[in-house]
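Below: one structure, written as structure tokens.
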Amino acid sequence: MLKENLENVEQKIQAACERSGRDRSEVTLIAVSKTKPAEMVQEAYDLGIRLFGENKVQEIMDKSEVLPADIHWHMIGHLQRNKIKYIIDKVDLIHSVDSLRLAEAIEKEAAKKHVIAKVLIEVNVGREESKFGFLPEELDDFVEKASDFSHIQFMGLMTSAPFVDNPEENRPIFAELRKLSVDIARKNAHNMSMSILSMGMTNDYEVAIEEGATMVRVGTAIFGARNYAQTNVR
Ligand SMILES: *Cc1c(COP(=O)(O)O)cnc(C)c1O
């Protein structure tokens with residue numbers, strides 16, 4: 001099942017790239033394995049996948065311990081400040097920097113560990129109460145303050161678009177995230193490269209690619225539906 005799912009997703013990514021005149025190499029697939037057992041991650045690994053997204057610190061710690069060391073873990077969920085220390089040197093990229101306080105704490109922890117943390121700024125483009133992230137109008141102020149940080153490299157922006165029946169409804173959301181990243185790039189802050197746009201999930205990754213996504217975070221279409229009732233995680 002996993003093999004067919006991956007082939008199907010890969011085909012759709014390629015088709016979306018072709019439709020929008022982009023090269024397939026511009027888009028990176030993050031396989032979102034949250035709530036799924038390590039055995040399933042291993043199965044995807046054996047099919048060639050090396051980039052996995054998780055939204056819980058504990059799951060990254062548990063899975064990275066038993067799975068191959070050449071897996072690249074991406075933290076895509078809300079990160080609590082007191083847990084930064086557990087993953088700062090285990091993850092390739094934190095997609096979910098959603099407050100100045102979190103960025104300050106990451107800066108501090110990265111300095112302590114002598115690393116440069118690679119992160120994305122999460123933007124709540126859809127203005128959903130239930131979601132984390134900066135509102136677009138809060139970005140200027142944040143960017144100004146964060147451009148002082150020397151142990152964080154801001155690689156780009158991330159958003160989770162609303163859940164909609166028709167993915168076309170999210171096209172303006174993706175277009176806006178892209179525009180925001182261009183605005184930030186223009187400021188030429190030394191620690192902000194804005195080369196990554198992390199947007200698009202199972203329901204809308206094709207539209208996101210058409211609108212410029214460079215990373216898509218796909219869970220359900222690869223691993224199947226998550227059973228929250230059983231695992232009690234979200
Ligand atoms: C769960 C999750 C995904 C993947 O969602 P699917 O709809 O299963 O593809 C992507 N991004 C974030 C931030 C998530 O929490």
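The structure displayed is predicted, hence computed values, not measured ones. Counting starts at 1 for both ligands and their atoms, following the listed order. Along the sequence shown, residues are numbered consecutively beginning with 1.
The protein heavy-atom contact nearest to atom 2 (C) of ligand 1 is K34 NZ, 2.5 Å. Protein heavy atom at the shortest distance from atom 9 (O) of ligand 1 is T202 OG1, 2.5 Å. Scanning the protein for heavy atoms near atom 5 (O) of ligand 1, the closest one is M201 CE, 3.6 Å. Considering only non-hydrogen protein atoms, atom 13 (C) of ligand 1 sits nearest to I76 O, 3.5 Å. The single protein non-hydrogen atom nearest to atom 11 (N) of ligand 1 is R217 NE, 2.8 Å, given as residue, atom name and distance. Considering only non-hydrogen protein atoms, atom 8 (O) of ligand 1 sits nearest to T220 OG1, 2.5 Å.
For ligand 1, the atoms lying closer than 4.0 Å to a non-hydrogen atom of V218 are 9 (O).
On a distance-only criterion, N55 and ligand 1 share no N/O pair closer than 3.5 Å. Between G219 and ligand 1, a contact under 3.5 Å exists for at least one N or O pair. Residue N203 has no nitrogen or oxygen atom sitting less than 3.5 Å from a nitrogen or oxygen atom of ligand 1, judged on distance alone. In terms of polar-atom proximity, R226 is counted as a contact of ligand 1, with an N or O under 3.5 Å from an N or O of the ligand.
At most 12 non-hydrogen atoms from other residues, nucleotides or ligands lie less than 6.0 angstrom from NZ of K112.
H78 and F132 have parallel rings, their planes meeting at less than 30° on a 0 to 90° scale where 60° marks the start of perpendicular. Using bins of under 30°, 30° to 60° and over 60° for the plane-to-plane angle, the ring pair F52/F223 lands in the tilted bin.
Of the options L6, V41, I71, a side-chain contact (heavy atoms from CB on, under 4.5 Å) to I49 is made by L6 and by none of the others.
A pairwise comparison of heavy atoms in A161 and K131 identifies O-NZ, 3.2 Å as the closest pair. The two atoms that bring L2 and M40 nearest to each other are CD2-O, 3.7 Å, heavy atoms only.
Taking hydrophobic clusters as Ile, Leu, Val, Met, Phe, Trp and Tyr residues chained together by side-chain heavy-atom distances below 4.5 Å, L79 shares a cluster with W73.
Judged by the shortest distance from any of its heavy atoms, S160 lies inside the 4.0 Å radius around the atoms of ligand 1.
Both tests pass for R50 against the ring of Y45: distance under 6.0 Å to the centre and angle within 45° of the axis.
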